[in-house]
Amino acid sequence: MALRPDYPLLTDRLCLRPFTRGDVDAVCGYRGREDVARYLFDPPLSRDECALAIQQRTVQTTLVEEGDRLVLAVELREDKHLIGEVSLIWRSAEARQGELGWIFDPQFHGRGYATEATNALLDLGFGSADLHRIFARCAARNDPSWRLMERLGMRREAHFRQHALFKGGWDEEFYYAILRDEWLAMRQST
Amino acid sequence: MSSLNLPIETDHLILRPIERSDVEAVGRYHILPSVQRYVERPTRYAEDVAAAVAVMRAQIVLHRPGDTLTLAIVRKGDKVLVGQVSLQWSNASAGQGELRFCIDPAHSGKGYLTEALTALIDLAFDHFRIHRLMARCDGRSHHSIKLMQKLGLRLEAHYREHALFQGEWDEELHFAILDREWRPSTKVVDFRPRSAAPDLPRAAI
């Protein structure tokens with residue numbers, strides 16, 4: 001089902017909104033970092049690359065057809081500080097599958113912001129987007145990432161070992177997933 | 001990749017390329033719903049089998065990534081074709097391959113697939129120098145699961161309702177094995193005991 005959310009999406013402490021051109025500095029602040037890029041497909045981004053990425057993101061705000069991605073800036077409601085980004089990709093229209101992703105500025109790790117933002121995106125995916133299953137993946141060594149998936153109530157569905165090369169070494173990857181029924185049960189119990 | 005001497009002979013079986021005359025034998029299992037799932041092209045009706053056989057007949061070399069080697073499993077004594085196995089070279093730089101297998105239900109449960117896949121896995125790791133092999137199966141296919149476990153493949157993925165297959169939610173398992181996990185004891189055959197080592201000229205020591 002096509003998804004054209006009314007922005008911004010608000011949670012207790014956060015505001016999820018489309019990217020704007022004014023976000024370049026804040027995005028550079030974390031996408032330029034080696035430790036942030038370690039488990040991403042991209043290398044650390046230069047300022048120009050950040051500007052280009054943001055330009056693409058300003059229109060990635062709806063899911064109209066399969067393959068579309070929604071990428072939102074996550075900002076603190078308190079002081080409008082941009083702390084990261086979350087994404088939802090529409091992987092299959094027929095089987096109603098979506099993929100969840102996130103990148104956060106390490107300065108703001110450990111305060112539950114990523115959990116809060118990704119939970120809002122799960123609600124959007126299973127709510128208005130009517131998805132049946134949402135999955136996410138990460139490098140097996142990226143503990144904070146898979147711990148977040150477990151906090152979201154996702155199950156580990158796959159553990160691939162040396163199934164591909166990644167940045168010059170063997171890749172080891174986790175897939176996590178949650179079904180609509182599991183999400184419903186979780187929301188009803190809280 | 002280097003060329004291969006076919007057919008391959010195991011204790012009870014001969015693994016050879018598919019032949020034009022195999023249409024009838026292949027058709028016996030190829031059109032079954034349970035087999036449909038993991039064949040490369042759907043062969044729902046008997047008339048599709050000849051086309052599938054034509055494709056498989058050409059699958060005899062792994063020259064480049066994406067190529068598939070498909071072999072008929074033939075019983076040694078009576079030359080009956082009981083099933084097929086295949087190896088796809090899916091990625092060169094990361095040395096990845098995928099195994100597929102089907103057996104005619106009339107001949108299942110006799111260990112033919114175990115014997116054929118063992119030979120194919122040997123070939124993949126020893127001859128083709130694959131680094132990791134994976135195989136997929138239906139989450140409800142107990143025979144396939146047992147077979148994978150017997151061969152020593154690890155369960156790497158269990159997808160639930162990740163896709164629709166013929167109108168129903170699908171459940172799929174992925175099994176995998178790395179080259180160093182396959183028959184690890186045989187990997188040291190070349191490592192001769194120290195007393196036997198000095199074939200080298202004395203000056204080199």
Side-chain angles (χ1 to χ4, degrees), chain A residues 1 41 66-67 88-100 122 125-126 129-140 146 149-150 152-186, chain B residues 37 42 65-66 87-99 121 124-125 128-140 145 148-149 151-182 184 187:
Chain A
M1 192 168 89
F41 290 104
E66 189 176 290
L88 182 65
I89 307 173
W90 197 7
R91 290 294 186 191
S92 162
E94 186 204 28
R96 293 153 54 214
Q97 306 282 311
E99 179 175 356
L100 185 65
L122 275 188
F126 286 125
D130 194 33
L131 294 173
H132 180 76
R133 173 177 169 273
I134 295 178
F135 70 96
R137 45 198 172 141
C138 74
W146 61 260
M149 299 180 199
E150 295 195 342
L152 292 173
M154 301 175 96
R155 286 171 286 100
R156 187 180 295 174
E157 284 201 338
H159 181 174
F160 296 117
R161 291 195 177 94
Q162 306 190 355
H163 64 299
L165 292 170
F166 183 74
K167 298 193 170 177
W170 285 117
D171 195 21
E172 187 169 341
E173 191 174 37
F174 286 147
Y175 270 63
Y176 275 75
I178 182 167
L179 297 173
R180 178 185 193 77
D181 287 348
E182 296 167 336
W183 168 81
L184 270 176
M186 206 172 58
Chain B
R37 202 185 148 86
L87 168 65
Q88 185 181 51
W89 188 25
S90 41
N91 179 299
S93 55
Q96 305 288 307
E98 177 172 353
L99 299 169
I121 297 171
F125 287 133
F128 291 116
R129 299 290 169 193
I130 295 282
H131 177 70
R132 173 179 168 276
L133 282 174
M134 64 85 75
R136 296 178 290 158
C137 76
D138 186 329
R140 292 153 295 193
I145 295 168
M148 294 295 100
Q149 290 172 333
L151 289 166
L153 278 79
R154 282 175 288 101
L155 178 65
E156 282 203 340
H158 184 169
Y159 294 117
R160 290 193 178 91
E161 303 181 17
H162 67 300
L164 288 165
F165 182 72
Q166 297 181 346
E168 286 185 20
W169 285 118
D170 202 24
E171 184 171 346
E172 185 171 280
L173 305 181
H174 288 203
F175 289 87
I177 188 164
L178 300 174
D179 54 358
R180 63 181 150 80
E181 295 170 328
W182 176 244
K187 302 286 192 231

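Chain identifiers are assigned alphabetically (A, B, ...) following the order of the sequence lines, protein sequences preceding nucleic acid strands; residue numbering begins at 1 within each chain. This one's a predicted model, so the numbers in the text were calculated from it and none came from an experiment.
Between B/H174 and A/H163 there is no side-chain heavy-atom pair separated by less than 4.5 Å. For the pair B/Y159/A/R133, a side-chain contact is recorded, criterion being any heavy-atom separation below 4.5 Å from C-beta on.
Of all the heavy atoms in B/W169 and A/A95, the pair that sits closest is CH2-O, 3.2 Å. For the residue pair A/A164 and B/Q96, the shortest heavy atom distance occurs at N-NE2, 4.1 Å.
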Worksheet item: Could you walk me through whether B/R160 and A/E182 pass the side-chain contact (heavy atoms from CB on, under 4.5 Å) check?
Response: CA-CA 12 Å; B/R160 290 193 178 91; A/E182 296 167 336; 5.6 Å; no
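Inspection of non-hydrogen atoms places A/W170, A/Y175 of residues 168-178 of chain A under 4.5 Å from chain B.
Of the possible polar contacts, one joining the A/Q97 side chain to the B/E161 backbone as a donor-acceptor pair under 3.5 Å is found.
Contacts between B/L164 and chain A at a heavy-atom distance below 4.5 Å involve backbone atoms as well as side-chain atoms. Residue B/H131 touches chain A through its side chain alone, counting heavy-atom pairs closer than 4.5 Å. Heavy atoms of A/L165 lying under 4.5 Å from chain B belong to its backbone as well as its side chain.
For the side chain to side chain contact (heavy atoms under 4.5 Å, CB included) test with B/E156, the passing option among A/R161, A/H159, A/E157 is A/R161; the others fail.
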